[in-house]
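Here is the structure we will look at.
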Amino acid sequence: MSRFNPLKADAAWQKVWEENRTFAARDDSPKPKSFVLEMFPYPSGRIHMGHVRNYTMGDVLARFRRMQGMEVLHPMGWDAFGMPAENAAMEKKVHPGNWTRANIATMKAQLKRLGFALDWTRELATCEPDYYGHEQAIFLDFFENGLVYRKESAVNWDPVDMTVLANEQVIDGRGWRSGALVERRKLSQWFFRITQFAEDLLEGVQALEHWPDKVKLMQENWIGKSEGLQFDWTLSDGEILPVYTTRPDTIFGASFIAVAADHPIARKLAASDDNVRAFVELCKQGGTTAAELETQEKLGFDTGLTATHPFDSAWQVPVYIANFVLMDYGTGAVFGVPAHDQRDFEFATKYQLPVRRVVSEGDKTEPEFRDAEAYTGPGTLVNSHFLDGMDVADAKRTVIRRAEEGGWGKGQTVWRLRDWGVSRQRYWGTPIPIIHCERCGVVPAPRESLPIALPEDVSFDIPGNPLDRHPTWKHVDCPKCGAPARRETDTLDTFVDSSWYFIRFASQPADRPFDKAVAEQWLPVGQYIGGVEHAILHLLYARFFTRALRHIGKLDVTEPFAGLFTQGMVTHASYYQMEEHDGLERKAYFEPSQISRRGDGTAFLTETGEDVIVGRIEKMSKSKKNTVDPTEIVDQYGADATRWFMLSDSPPERDLEWSESGIEGAWRFVNRLWRLFENLSEAEAGTGRDVDLDKRLHRTIAGVAEDVESLAFNKSVAKLYELVGAIEKAQPSASRTDAIRTLARIVAPMVPHIAEEAWAAMGNPGLIADAEWPAVDPALLVDDEVTIAVQVNGKLRDTLLMPKGAAKDVVEAAALASDKIVRSLEGKQPRKVIVVPDRLVNIVA
RNA sequence: GCGGGUGUGGCGGAAUGGUAGACGCAGCGGACUCAAAAUCCGCCGUUGGCAACAACAUGUCGGUUCGAGUCCGACCACCCGUACCA
């Protein structure tokens with residue numbers, strides 16, 4: 001008997017699949033269509049275990065759906081634009097394109113090595129003109145339909161690197177790379193009008209049945225709908241100040257007004273008053289990190305202005321400038337009701353402003369507010385003139401109605417969601433197809449000039465955008481008037497690239513982004529699988545794209561992803577020693593391959609014997625050096641064992657801890673399978689039926705199908721272990737032979753190489769990848785005998801083997817006759833006997 | 001702070017309100033072997049007991065129920081998201 005040779009089998013079957021184009025999806029197939037998609041990778045260099053887990057899950061589902069008779073689209077591509085390529089260009093002096101394409105080649109080979117059932121004929125890379133050219137066409141479509149616009153917007157500007165930084169790249173107010181103090185700069189930038197679809201995006205996400213609640217909630221919060229009143233206050237200098245509130249009911253609890261430091265009123269005052277200017281400057285200081293905001297003191301500056309209460313012209317409230325008011329939400333001005341808003345309460349306490357109760361809390365109705373915290377709960381309006389006695393909702397409606405009648409305010413919905421700024425001052429991205437002409441202004445690039453390709457001859461020696469300083473690229477004649485003009489040198493946010501790649505996978509004509517009819521055959525994606533880190537931005541942007549495309553009549557799909565699954569991370573312990581660096585303590589990490597563990601859990605460097613600290617179990621990352629290269633594992637154990645381990649043990653939505661013993665267990669299982677398959681082809685088939693084994697087989701077929709359908713791979717793995725154990729123990733019989741032959745098909749989606757090997761060895765024609773999922777005989781799913789638990793006062797005392805469907809009184813009699821039960825009752829009379837048919841008997845005594 | 005999730009043996013985890021701990025990993029004992037690897041058989045929550053068995057046990061405390069890991073209420077711990085959103 002030989003051991004399974006994965007190296008040989010993997011390569012052989014991967015070649016067969018490739019030559020037969022087994023996994024190429026046919027647009028014209030008469031079969032029902034299924035689109036299985038995993039989030040495409042960024043080509044960072046090599047694949048990591050997270051990729052392997054993600055793509056294995058999708059692969060099992062894709063192969064399973066094929067076996068169920070569906071035409072499956074399971075494509076792969078590369079999210080190939082982005083910063084790391086430019087960083088590599090700066091550090092290693094390689095062109096971003098060469099670096100990226102070399103990484104793609106490496107990673108593609110690594111993915112192929114795992115035997116994924118991918119349709120490589122549809123492979124795409126977003127950094128190639130035959131992809132981003134079509135993206136430019138979509139940009140022009142959006143532009144023509146008013147979904148794209150340009151506006152001045154503040155950005156984080158790194159004056160040394162001469163580039164715009166994302167918020168995540170600003171650390172303690174300094175650029176992450178240069179360390180220079182970041183400036184807020186106004187730049188003219190391109191925006192997608194995502195807020196136009198805010199309501200629809202919110203309603204749509206709520207209707208997605210096959211999305212995790214967690215992700216739906218995150219999207220809802222991000223869109224952030226709130227309903228309230230925008231209304232005017234007249235200031236003592238005669239200006240009108242619009243204020244937005246979600247609590248118009250508390251209008252009679254108003255204590256002060258606060259405006260943002262960059263509010264026009266504050267700016268106007270700052271121009272003539274040094275004290276105001278000093279305070280405004282103070283507000284701009286301080287970081288924007290979570291920790292700092294939390295501890296930051298609420299600061300206010302009394303402008304000396306007052307505002308007239310809209311319901312009482314004699315009532316004046318002071319107007320402050322405050323550091324906690326945001327200019328870009330609502331109107332940049334709030335009115336403070338300290339009794340019923342915690343933040344207002346803190347502010348009022350600090351500046352000794354009145355705190356007046358206007359909503360009752362239990363039996364507390366008096367206007368004097370003495371509690372240590374604001375009351376934000378429900379109640380009846382008190383001390384509020386005509387609102388007294390109403391509940392909060394009624395009072396809100398009443399105030400909004402009065403404001404609208406009086407012409408000084410109106411009910412308004414405000415969204416947290418902002419329009420999507422897509423301009424990036426970078427080289428390695430999709431050029432924005434726009435030309436700036438001094439005479440004609442902003443002119444879209446002519447369609448026939450697409451794709452507008454990136455120039456290859458660029459340098460990264462000096463900071464700034466290489467496109468902007470390229471000697472010729474940006475100089476172009478205006479398409480309208482022919483005068484010398486300038487190309488837009490900003491490129492698109494890489495999230496734009498990933499907002500429509502799934503459409504391009506479904507249909508990829510050469511002359512346009514996609515064919516409407518063909519794309520609609522496949523879309524929406526039936527099952528989308530990826531990391532939860534994309535729960536908000538990527539998924540929201542993709543949902544915006546399909547809506548925008550539908551809006552302009554290009555594609556009749558609303559939701560891009562009907563089913564979503566967010567898988568957990570692959571984790572591993574990290575190992576480090578503390579070392580001193582420039583007087584600072586820091587961790588120096590070691591790779592797991594350098595480490596040996598002792599029985600007590602401590603660890604040391606294998607080579608030197610030095611102790612190392614065993615750190616947290618956390619996501620595999622290069623910076624923590626706690627990565628395990630999938631390729632080394634595949635080379636050692638084969639693709640099937642690696643895949644099997646990825647599916648075992650941990651529920652897919654939870655983190656999976658990598659372990660050496662885990663992969664060895666998977667390898668053992670692959671060999672157990674192999675022994676069954678190989679002995680079958682050598683030994684003569686048994687005769688006679690083994691009904692228990694038949695039943696177990698059919699239960700497993702049904703159970704595994706159900707588990708795979710719901711992506712509960714750890715459960716299907718457990719069921720397969722049980723079946724294999726039962727087959728191993730069973731005496732030879734026709735049933736056992738059937739079971740082994742069928743087993744190959746049940747495991748095929750998970751361990752496809754050994755399954756093909758077995759399928760061929762058993763003399764079957766064709767490929768197991770094309771075989772049908774085994775049929776379940778429903779008659780074998782029911783048992784004729786059941787084990788019934790017998791409890792006394794809810795505690796298990798005995799079990800009975802009874803025919804299925806036995807009458808209640810028969811079961812009860814059998815239970816009461818049991819020796820163990822008689823003993824447990826200790827002579828007490830049963831007061832009550834509960835019989836659950838085919839399950840249990842509970843005797844209450 | 002707010003929102004969400006998780007909490008079960010040494011570990012990963014199973015369990016439509018109905019026999020808690022399936023399955024895997026690790027460990028222990030045995031078989032085979034000159035020996036090892038591989039493989040096979042057995043044991044494996046805690047405590048007491050030779051055993052039969054009993055008691056305890058699903059983060060904590062309470063509740064609903066004939067019966068709770070599962071439902072309800074309060075709390076604790078950890079993880080994730082978010083950031084002064086008026």
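Pairing partner, B/rG24: B/rC11, with both Watson-Crick or wobble hydrogen-bond distances short of 3.5 Å. The base-pairing partner of B/rG17, taking Watson-Crick or G-U wobble contacts with both distances under 3.5 Å, does not exist among the strands shown. With a cut-off of 3.5 Å on both pairing distances, the Watson-Crick or G-U wobble partner of B/rC75 is B/rG59. Using the Watson-Crick or G-U wobble rule with both distances under 3.5 Å, B/rG1 pairs with B/rU82. With a cut-off of 3.5 Å on both pairing distances, B/rC50 has no Watson-Crick or G-U wobble partner at all.
A gap of 30 Å separates the P atoms of B/rG5 and B/rC66, to the nearest Å. Taking atom P in both B/rU60 and B/rG10, the straight-line distance is 14 Å, to the nearest Å. Comparing the P positions of B/rU8 and B/rG69 gives a spacing of 15 Å, expressed to the nearest Å.
A/Glu722 comes within contact range of the sugar-phosphate backbone alone, with a heavy-atom separation under 4.0 Å but no base atom that close. Within 4.0 Å (heavy atoms only), A/Leu217 reaches sugar-phosphate atoms of the nucleic acid but no base atom. Among the protein residues, A/Arg823 comes within range of no part of the nucleic acid, since none of its heavy atoms lies under 4.0 Å from any strand. Residue-level contact check: A/Val717 touches neither bases nor backbone, having no heavy atom under 4.0 Å from any strand. At the heavy-atom level, A/Asp341 lies nowhere under 4.0 Å from the strands shown. Note on A/Gly662: nothing from the nucleic acid sits closer than 4.0 angstrom, heavy atoms only. Backbone-only contact: A/Lys820 has heavy atoms under 4.0 Å from sugar-phosphate atoms and none from a base. Among the heavy atoms of the strands lying under 4.0 Å from A/Val844 are primed sugar atoms or P, OP1, OP2 only; no base atom is included. Within 4.0 Å of A/Thr245, counting heavy atoms only, lie sugar-phosphate atoms of the nucleic acid but no base atom. Nucleic acid contact class of A/Thr331 (heavy atoms, under 4.0 Å, all strands): none. A/Arg654 comes within 4.0 angstrom of sugar-phosphate atoms only, judged by non-hydrogen atoms across all strands, and of no base.
In textbook terms, a nucleotide whose glycosidic angle is within 90° of 0 is syn, and B/rG9 is one such case.
Put simply, CG on A/Asp655 is 12 Å from P on B/rG12, counting in whole angstrom units. Counting to the nearest Å, the P atom of B/rU82 and the CE atom of A/Met218 are 6 Å from each other. When the C1' atom of B/rA55 is taken as reference, atom NZ of A/Lys795 falls 8 Å away, rounded to whole Å. Between the C1' atom of B/rU16 and the CD atom of A/Glu706 lies a distance of 11 Å, rounded to the nearest Å. A/Met646 places its CE atom 17 Å from the P atom of B/rG12, with the value rounded to the nearest Å. Remark: C1' of B/rG12 and CG of A/Asp649 are 5 Å apart, rounded to the nearest angstrom. Atom CG in A/Leu299 sits about 15 Å away from atom P in B/rC84, given to the nearest Å. For the pair A/Asn793 CG and B/rA68 P, the computed distance is 11 Å after rounding to whole Å.
Heavy-atom neighbours of A/Lys216 NZ from other residues, nucleotides or ligands within 6.0 Å: above the threshold of 12.
Closest to the side chain of A/Pro651, out of B/rG18, B/rG13, B/rC85, is B/rG13. The side chain of A/Asn842 has B/rG67 as its nearest neighbour among B/rA86, B/rG67, B/rC23.
By the 4.5 Å heavy-atom criterion applied to side chains, A/Glu220 and A/Lys225 are not counted as neighbours. For the pair A/Leu840 and A/Gln791, the minimum side-chain heavy-atom distance is below 4.5 Å.
Checked by atom type and distance alone, the side chain of A/Arg418 pairs as donor or acceptor with a backbone atom of A/Arg416 at under 3.5 Å.
For A/Tyr329, a side-chain nitrogen or oxygen approaches OP1 or OP2 of B/rA86 to under 4.0 Å. For the OP1/OP2 pair of B/rA15 and a distance below 4.0 Å, the side-chain nitrogens and oxygens of A/Lys715 include at least one atom meeting the criterion. For B/rA26, one of the phosphate oxygens OP1 or OP2 lies less than 4.0 angstrom from a side-chain nitrogen or oxygen of A/Arg668.
Separation of atoms NE2 (A/His263) and OG1 (A/Thr331) is listed at 5.5 Å; rounding is to 0.5 Å. In this structure, A/Thr250 OG1 and A/Leu381 CG are separated by 8.5 Å, a value rounded to the nearest 0.5 Å.
Both A/Lys832 and A/Lys214 lie near RNA chain B, and the one whose nearest nucleotide falls closer to the 5' end is A/Lys214.
Between A/Trp667 and A/Phe645, the ring centre distance reaches or exceeds 6.0 Å.
Looking at A/Arg839, its side chain comes within 3.5 Å of the base of B/rU16 through a donor and an acceptor atom.
The ring-ring contact (aromatic ring centres under 6.0 Å, His included) test with A/Phe256 is passed by exactly one of A/Phe347, A/Phe301, A/Phe335, A/Phe345: A/Phe347.
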